[in-house]
Amino acid sequence: MIEIDNVSKVFGAGAAAFTALDRVSVTIAENEFFTLLGPSGCGKTTLLRLIAGFEPPTEGRIRLAGEDITALPPNRRPVNTVFQNYALFPHMTVARNIGFGLEMLGKPAAEIAATVDEMLKMVRMEALKGRRISEISGGQQQRVALARALAPHPRVLLLDEPLSALDLKLRKEMQIELKRLQGETGITFIFVTHDQEEALTMSDRVAVMEKGRILQIGTPRDIYNRPTSRFVADFIGDTNFLPGVAAAEGVRLGTGEVVRTATAGRSGAVTLAVRPEQVRLAAPDAAGALRATVTDLVYFGTDTHCHMALADGTPIVARLQSLPSGEVPAARGDAVGVTFAPDAVQILEA
Ligand code: ATP
């Protein structure tokens, strides 16, 4: 549906030039929930603005359903945007806000009324149709903003951190709601967020960005379980990083112990990445276990984080699922063994 082909965006010129996007290429499928994820300033919003047509790229092409739209103005693109601040008209009613874009397009009143009703139903706001925006809650405003953006039946909906103003509970509700809306409408959603949980729970695929580049594109499971760089492993979820040296039989840690895992021909300094929920406790003398000492236990309700130090002081955390009895299989100061499945380990750059 959307093809971003080697797109760069440079703001300013000469010594003040700043590259916000650096040769970005990505193809987004029809009916896909695609998320751009990355820290503040990595270029997510800039890429969205280029797709919407609010800014021209410095280099590269953008195609929609095979047609080159790089030079098309925003209003000629079948693309609509939901902004972070909603940008609704506070003194107008909910219904008028939703129909406003259609009014501007000169659609007949009967058609506008029918579409507004359809959209109100879709976002479950029929009862508040006649209220002014200033008389509804933040979560309800979010629904109106969505309905307004969907009303002209765009082929692509761009969403720029649309849930960031909502409190946690409402945000989780709206995550499910957005996913439902995307499924029901079949519209391609391109969603921008810096919240990794939001990206993992809602997306078909995620592109992780850093400093104007896409580092990795994949399904949430790919990105979480098979990060290809330290940045991605670190940005998404919690990860233990263990420095070591790749050898034929596995990776030799600073303690002299060897983690047996496929090194895929790597040599020299590497970093092992292993998620805390993949780390298991074993007896201190268990065969193949790394030796560690428990330094701290932090209770989180669903699980307990067991902080440990390997023999050379390298920290490692295991996430232990809570037992009904409330018992934890270790105490501070205990000598323990640490194991993880060979395929739970990723070998990354040092
Ligand atoms: P956030 O999550 O904070 O919104 P972002 O990833 O969306 O961040 P962008 O808004 O795309 O980041 O900005 C990327 C970089 O480009 C930033 O360093 C920003 O300062 C810069 N930038 C954006 N717009 C302009 C502009 N019009 N002129 C100069 N620099 C800009």
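One-based numbering, in listed order, for ligands and for the atoms of each. Note that the coordinates shown come from a computational prediction; the quantities given were computed from them, not determined experimentally.
- Polar contact with ligand 1: present for Gly43 (N/O pair, distance under 3.5 Å).
- A cation-pi arrangement is absent between Arg205 and Phe33 under the rule of less than 6.0 angstrom and at most 45 degrees off the ring axis.
- Protein heavy atoms come within 4.0 Å of atom 23 (C) of ligand 1.
- Regarding atom 3 (O) of ligand 1, its nearest protein heavy-atom neighbour is Ser40 OG, 2.5 Å.
- Between Phe89 and Phe100, the ring center distance clears the sub-6.0 Å criterion.
- Residue Arg291 qualifies as open at atom CZ: its count of foreign heavy atoms under 6.0 Å is 12 or below.
- The atoms of ligand 1 that sit less than 4.0 Å from any heavy atom of Glu161 are 2 (O).
- The presence of a protein heavy atom under 4.0 Å from atom 13 (O) of ligand 1 is confirmed.
- Using cut-offs of 30° and 60° for the angle between ring planes, the His305 and His307 rings count as tilted.
- Atom 7 (O) of ligand 1 has as its closest protein heavy atom Thr45 OG1, 2.6 Å.
- Nearest to atom 11 (O) of ligand 1 by heavy-atom distance, out of Leu37, Thr19, Thr46, is Thr46.
- Annotation: atom 2 (O) of ligand 1 to nearest protein heavy atom, Lys44 NZ, 2.9 Å.
- Polar contact check, His194 against ligand 1: no nitrogen or oxygen pair lies under 3.5 Å apart.
- Looking from atom 15 (C) of ligand 1 to the surrounding protein, the closest heavy atom is Phe18 CE2, 3.5 Å.
- Between Glu55 and ligand 1, no pair of N/O atoms sits closer than 3.5 Å.
- Look at Pro39 and you'll find a heavy atom under 4.0 Å from some atom of ligand 1.
- With respect to Asp117 and Lys129, a salt bridge is recorded, a charged nitrogen being found less than 4.0 Å from a carboxylate O.
- Among protein heavy atoms, atom 31 (C) of ligand 1 sits closest to Phe11 CD1, 3.3 Å.
- Side-chain atoms of Glu198 and Thr193 include a donor-acceptor pair closer than 3.5 Å.
- Ser8 and Arg23 are not linked by any side-chain donor-acceptor pair at a separation below 3.5 angstrom, with hydrogens and angles left out of the test.
- When the heavy-atom distances from atom 8 (O) of ligand 1 to Gly38, Ala20, Ala17, Gly41 are ranked, the shortest goes to Gly41.
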CA sep, side-chain torsions, deciding dist, call: Glu3, Arg61, salt bridge (charged side-chain N to carboxylate O under 4.0 Å, His left out): CA-CA 8 Å; Glu3 204 183 334; Arg61 313 303 304 173; over 6 Å; no
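- Residue-ligand proximity: Gly12 is placed with every non-hydrogen atom at 4.0 Å or more from ligand 1.
- Checking Asn31, Asn80, Leu150 one by one against Ile187, the side chain to side chain contact (heavy atoms under 4.5 Å, CB included) holds for a single residue, Leu150.
- Here the side chain of Asp5 pairs no donor or acceptor atom with the backbone of Ile62 at under 3.5 angstrom.
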